[in-house]
Asks: 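For reference, the structure I am asking about is given below.
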Amino acid sequence: MIAKTTIDQVYETARLEEVIGDFVQLKKSGSNFKGLSPFSDERTPSFMVSPVKQIWKDFSSGKGGNVVAFLMEHEHFTYPEAIKYLAKKYNIEVEETEQSSEQKEQANERESMYLVSEFAQGHFKEMLWESELGKAIGLTYFKERGFTDETIKKFELGYCLDQWDGFTTAALDKGYKLDYLKKTGLTIVKDDPNNPNGARKFDRFKGRVMFPIHSLSGRVLGFGGRILTNDKKAAKYLNSPESDIYHKSKVLYGIYYAKQAIAKEDNCFLVEGYTDVIQFAQRGIENVVSSSGTALTPEQIRLINRLTKNITVLFDGDAAGLRASLRGIDLILEQGMNVRVCTFPEGEDPDSFAKNNELDDVLAYLGDNAKDFIQFKASLLVKEADNDPIKRADTVRDIVNSISKIPDRIQKEIYIQECAQIMNISEAVLFNTLAQIDKKGEKDFKKQQKEEPKAFDVVRNTDEQKPEKVDVQYVLERKIIESLMLYGSNIEEFEDLVLKENDAGDLELEPESMEIKVYEKIYLDLQEDEIELANEDFRKMYGKLIEALNEEGDFSITNFVNGLDQEMANQISSILMEEERYALHNWERKDIYPKKKEIGVSQLVSETILTLRCFLIKKRMTALQHTTEQADKDNREALEEIMNYIQLNKLLNQKLNRVLS
């Protein structure tokens with residue numbers, strides 16, 4: 001268990017905007033920050049961060065909460081893992097009690113797999129630096145590649161001894177279960193023909209130098225291993241197999257080390273191999289990631305898209321299948337990102353070029369040779385087409401097809417104009433070709449819609465439904481919770497209304513001014529009218545808020561949210577950040593200035609409670625009328641009560657400056 005003092009210190013020290021900024025590119029928006037949702041595929045920002053309230057809200061997915069909630073949602077951390085991550089980030093010493101054997105047994109599967117992977121990383125590092133074979137073979141290899149000790153340690157490179165089960169035996173001796181070694185792919189388990197009740201265990205990465213693959217937050221997800229012998233039967237590079245924690249299509253090698261540089265430079269260099277990333281970083285260019293030899297996927301592109309809109313793809317000078325690699329560029333374009341391409345001189349790759357040239361020379365080369373994707377694709381395909389008119393036509397169609405992937409219409413038009421100049425063909429022809437491709441895409445979409453009616457019915461049902469009737473009571477109760485959160489401890493002057501009989505015996509509302517805290521005003525008014533919030537969640541929040549406001553001299557939203565469970569914290573965040581949704585639309589540019597809630601807090605609170613009273617009175621009147629209609633005899637008491645309610649409702653609406661029809 002982590003000590004409460006550590007947890008409190010973490011919450012006090014951690015800055016939400018700094019933590020989220022490691023994963024999402026945030027831009028200032030008034031007093032808040034906004035960015036693209038890290039939980040859904042979108043091209044316009046719907047993710048808001050409030051430094052003042054220390055909460056975030058993703059209007060795209062509906063998720064929200066505090067700093068720990070973000071790490072638990074985004075990185076799938078457990079609560080203790082999130083606290084430890086923040087403690088490490090802010091150099092806070094974690095006080096905790098030793099886990100018992102039973103507690104270790106109860107650790108969930110994913111957590112156990114992470115623990116096994118972390119142990120493996122430490123073991124491979126130890127073998128590289130401490131064992132004689134590791135130093136003689138693994139360390140020598142890395143030094144020959146030109147990596148310094150500092151670089152090797154930074155990227156946590158390692159070595160797996162050339163033994164059948166050296167790592168597996170070490171892990172089992174430390175108490176790690178064979179089941180998790182198998183599920184992470186670190187150990188291969190096969191039936192033993194000589195022992196029906198036993199199994200043979202092998203290290204997957206035996207005799208390989210090791211490249212740990214990290215998540216965006218630095219967790220070890222898997223490994224890449226390079227063999228150092230000339231065994232033609234063995235793969236040169238071997239990756240961890242797919243598992244619950246490692247999905248190669250969703251991971252980019254080096255993203256953990258590159259994320260801050262990518263956001264700062266507003267550009268990401270995309271390479272193919274581990275050593276390309278490491279060599280570039282050692283040379284001083286840190287905004288580099290690798291797809292690790294796999295075909296680029298939309299998930300990997302979206303990972304970069306959270307940090308920057310700009311990608312520069314770096315190809316080897318003699319890269320085989322370069323044309324096939326261009327498919328990745330189309331995927332990048334589909335995500336609405338800006339793409340540039342750079343190839344190195346023949347015989348060079350990013351690794352060798354960075355190793356053999358100084359930083360200024362590398363940067364100059366990248367600046368001079370990085371081409372817009374249209375220029376690059378045109379120059380590459382024109383060479384292939386040569387003087388063949390048919391191939392040339394296919395080349396033009398291929399380029400226009402890439403342009404069709406771009407979601408922004410203005411960008412499309414600019415690229416069509418550029419393509420027309422490069423290919424010496426009229427813009428009209430290219431626009432017609434683009435229209436044909438777009439039309440075909442629309443037909444394919446409609447065909448798919450017919451083939452998959454269930455999937456598209458969901459979209460149609462959500463987008464084309466008639467708007468649901470507004471739940472007035474829900475809205476008003478939500479407003480009460482919001483008022484308590486934002487202004488509960490404020491002292492405001494309220495004009496209270498007291499119901500009295502005048503000389504004629506009629507009911508009248510007489511105003512009485514009082515200075516009182518907002519939460520006391522709300523509590524007393526609801527108590528007086530015996531109003532209990534109907535929504536169960538709001539009822540729980542209301543109780544917790546009144547208790548916290550009554551106990552604390554200086555109520556803190558951040559401390560309050562941090563003390564809630566994840567579900568309630570999410571709901572509170574949704575309520576508090578609702579106003580920030582409007583900031584996403586930049587209304588000020590259209591000369592529209594939404595009224596701030598801070599203006600007239602007493603009026604806001606009074607009107608909310610009065611409106612709730614009117615709503616409940618009307619609801620009660622409807623119920624009484626229904627009772628009277630159902631009764632066999634005249635129900636004088638009910639009729640008299642209805643008349644009183646009608647008069648009271650009229651008075652309350654007069655106070656609200658509303659005219660009853």
Side-chain angles (χ1 to χ4, degrees), residues 74-78 80-82 84-85 99 101 103-128 134 138 155-192 198-227 234-235 237-256 274 290-294 297 299-300 303:
H74 189 271
E75 292 300 303
H76 305 291
F77 282 163
T78 60
E81 286 173 335
K84 287 178 181 178
Y85 172 85
Q99 276 191 319
S101 298
Q103 287 173 322
K104 287 181 180 178
E105 286 284 337
Q106 292 169 353
N108 65 46
E109 189 166 298
R110 282 174 59 87
E111 188 177 349
S112 297
M113 291 172 73
Y114 281 123
L115 290 173
V116 166
S117 297
E118 286 168 10
F119 168 77
Q121 176 186 258
H123 175 83
F124 296 143
K125 280 166 58 180
E126 184 182 348
M127 292 303 102
L128 180 73
F155 285 89
E156 299 179 298
L157 307 181
Y159 179 68
C160 184
L161 294 175
D162 195 2
Q163 300 171 355
W164 284 111
D165 61 354
F167 161 74
T168 301
T169 301
L172 293 173
D173 288 345
K174 288 289 185 180
Y176 294 97
K177 289 186 175 181
L178 181 62
D179 186 38
Y180 297 124
L181 293 170
K182 181 181 175 182
K183 285 179 176 176
T184 53
L186 288 161
T187 300
I188 299 170
V189 181
K190 292 185 177 180
D191 294 333
D192 188 347
R200 292 186 295 171
K201 303 176 284 291
F202 308 98
D203 293 349
R204 177 179 295 274
F205 296 106
K206 67 179 286 288
R208 293 175 181 268
V209 286
M210 303 298 294
F211 300 84
I213 301 168
H214 299 87
S215 71
L216 202 62
S217 64
R219 307 180 89 180
V220 182
L221 305 174
F223 295 87
R226 188 193 192 284
I227 199 165
Y237 276 97
L238 186 65
N239 275 15
S240 294
E242 294 277 316
S243 71
D244 283 349
I245 64 172
Y246 178 61
H247 304 281
K248 62 183 179 182
S249 65
K250 299 179 181 180
V251 176
L252 287 165
Y253 180 73
I255 189 74
Y256 170 61
Y274 303 125
S290 164
S291 58
S292 306
T294 62
T297 65
E299 291 88 353
Q300 290 171 331
L303 201 58

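Since the structure is predicted, the reported quantities are computational estimates derived from the model, not experimental observations.
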Asks: OG of Ser249 to CD of Glu299: how many Å apart, nearest 0.5 Å?
Replies: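 Taking OG in Ser249 and CD in Glu299, the distance rounds to 4.5 Å.
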
Asks: Do Arg219 and Phe77 touch side chain to side chain, with heavy atoms closer than 4.5 Å?
Replies: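 Yes - at least one pair of side-chain heavy atoms lies under 4.5 Å apart.
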
Asks: Run Tyr180 and Leu186 through side-chain contact (heavy atoms from CB on, under 4.5 Å) and show every step you take.
Replies: CA-CA 9 Å; Tyr180 297 124; Leu186 288 161; over 6 Å; no

Asks: Would you list the pairs meeting salt bridge (Lys or Arg N to Asp or Glu O under 4.0 Å) in which at least one residue belongs to residues 155-172, sequence neighbours left out?
Replies: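 Listed by first then second residue: Lys125-Glu156, Asp162-Lys206.
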
Asks: Check Gly224 against Ile213 and note the closest heavy-atom contact, atom names and distance.
Replies: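 That would be N-CD1, 3.9 Å.
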
Asks: What's the separation between atom CZ in Phe223 and atom OG in Ser240, rounded to the nearest 0.5 Å?
Replies: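 That separation rounds to 6.5 Å.
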
Asks: Does any non-hydrogen side-chain atom of Ser243 lie less than 4.5 Å from one of Met113?
Replies: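 Side chain of Met113 against side chain of Ser243, heavy atoms only: contact under 4.5 Å found.
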
Asks: Is any side-chain heavy atom of Ser215 closer than 4.5 Å to one of Leu221?
Replies: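 Answer yes - side chains close enough.
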
Asks: Using every non-hydrogen atom in the two residues, find where Leu172 and Leu178 come nearest and quote the distance to one decimal.
Replies: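 Answer, listing the atom of Leu172 first, then Leu178: CD2-N, 3.8 Å.
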
Asks: Quick check: closest heavy atoms across Ser217 and Tyr85, and the distance to 0.1 Å?
Replies: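 Result for this residue pair: O-CE1, 3.1 Å.
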
Asks: Evaluate the side-chain proximity of Lys183 to Glu109: yes if any heavy-atom separation is below 4.5 Å, no if none is.
Replies: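 SC-SC contact between Glu109 and Lys183 confirmed.
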
Asks: Assess the residue pair Leu181 and Phe119 against the criterion (side-chain contact (heavy atoms from CB on, under 4.5 Å)); give the C-alpha distance rounded to whole Å, side-chain angles, the decisive distance to 0.1 Å, and a yes or no.
Replies: CA-CA 11 Å; Leu181 293 170; Phe119 168 77; 5.8 Å; no

Asks: Any non-hydrogen side-chain atom of Val189 less than 4.5 Å from a side-chain atom of Arg200?
Replies: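 Val189 vs Arg200: side chains apart.
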
Asks: When you look at CG of Asp173, are more than 12 heavy atoms from neighbouring residues, nucleotides or ligands closer to it than 6.0 Å?
Replies: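 For Asp173, atom CG is crowded (more than 12 foreign heavy atoms under 6.0 Å).
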
Asks: Looking at residues at least two apart in the chain, or sitting in another chain, which of them share a side-chain contact (heavy atoms from CB on, under 4.5 Å) with Ala234?
Replies: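 Ala234 satisfies side-chain contact (heavy atoms from CB on, under 4.5 Å) with Arg208, Ile227, Asp231 once adjacent residues are dropped.
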
Asks: Return the orientation label for the Phe202 and Trp164 ring planes: parallel under 30°, perpendicular over 60°, tilted otherwise.
Replies: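 If you compare the ring of Phe202 with that of Trp164, the planes turn out perpendicular.
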
Asks: Between atom CG of Asp203 and atom CG of Leu161, what is the distance when rounded to the nearest 0.5 Å?
Replies: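 Answer rounded to 0.5 Å: 8.5 Å.
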
Asks: Check the pair Leu157, Val209 against side-chain contact (heavy atoms from CB on, under 4.5 Å), reporting the backbone distance first and the verdict last.
Replies: CA-CA 7 Å; Leu157 307 181; Val209 286; over 6 Å; no

Asks: Kindly say whether Val251 contributes a backbone atom to a donor-acceptor pair with the side chain of Gln300 at under 3.5 angstrom?
Replies: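 Judged by distance alone, yes, a pair lies under 3.5 Å.
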
Asks: Can you name the ring-ring contact (aromatic ring centres under 6.0 Å, His included) partners of Phe205, sequence neighbours left out?
Replies: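 Not a single residue meets the ring-ring contact (aromatic ring centres under 6.0 Å, His included) criterion with Phe205.
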
Asks: Hey, what do you get for CD (Glu242) to CG (Asn239), rounding to the nearest 0.5 Å?
Replies: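 Result: 9.5 Å between the selected atoms.
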
Asks: Roughly how far, to the nearest 0.5 Å, is CE of Met210 from CG of Leu128?
Replies: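 Interatomic distance, Leu128 CG to Met210 CE, rounded to 0.5 Å: 11.0 Å.
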
Asks: Quick one: does NZ or CZ of Arg226 land under 6.0 Å from the six-membered ring centre of Tyr274, within 45 degrees of the ring axis?
Replies: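 Negative - Arg226 is either too far from the ring of Tyr274 or too far off its axis.
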
Asks: Can you name the nearest heavy-atom pair linking Leu216 to Glu75, along with the distance?
Replies: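 Between these two residues, the closest heavy atoms are CB-OE2, 4.1 Å.
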
Asks: Working to the nearest 0.5 Å, report the span between OH of Tyr253 and CZ of Phe155.
Replies: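 Going from the OH atom of Tyr253 to the CZ atom of Phe155 covers 6.0 Å.
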
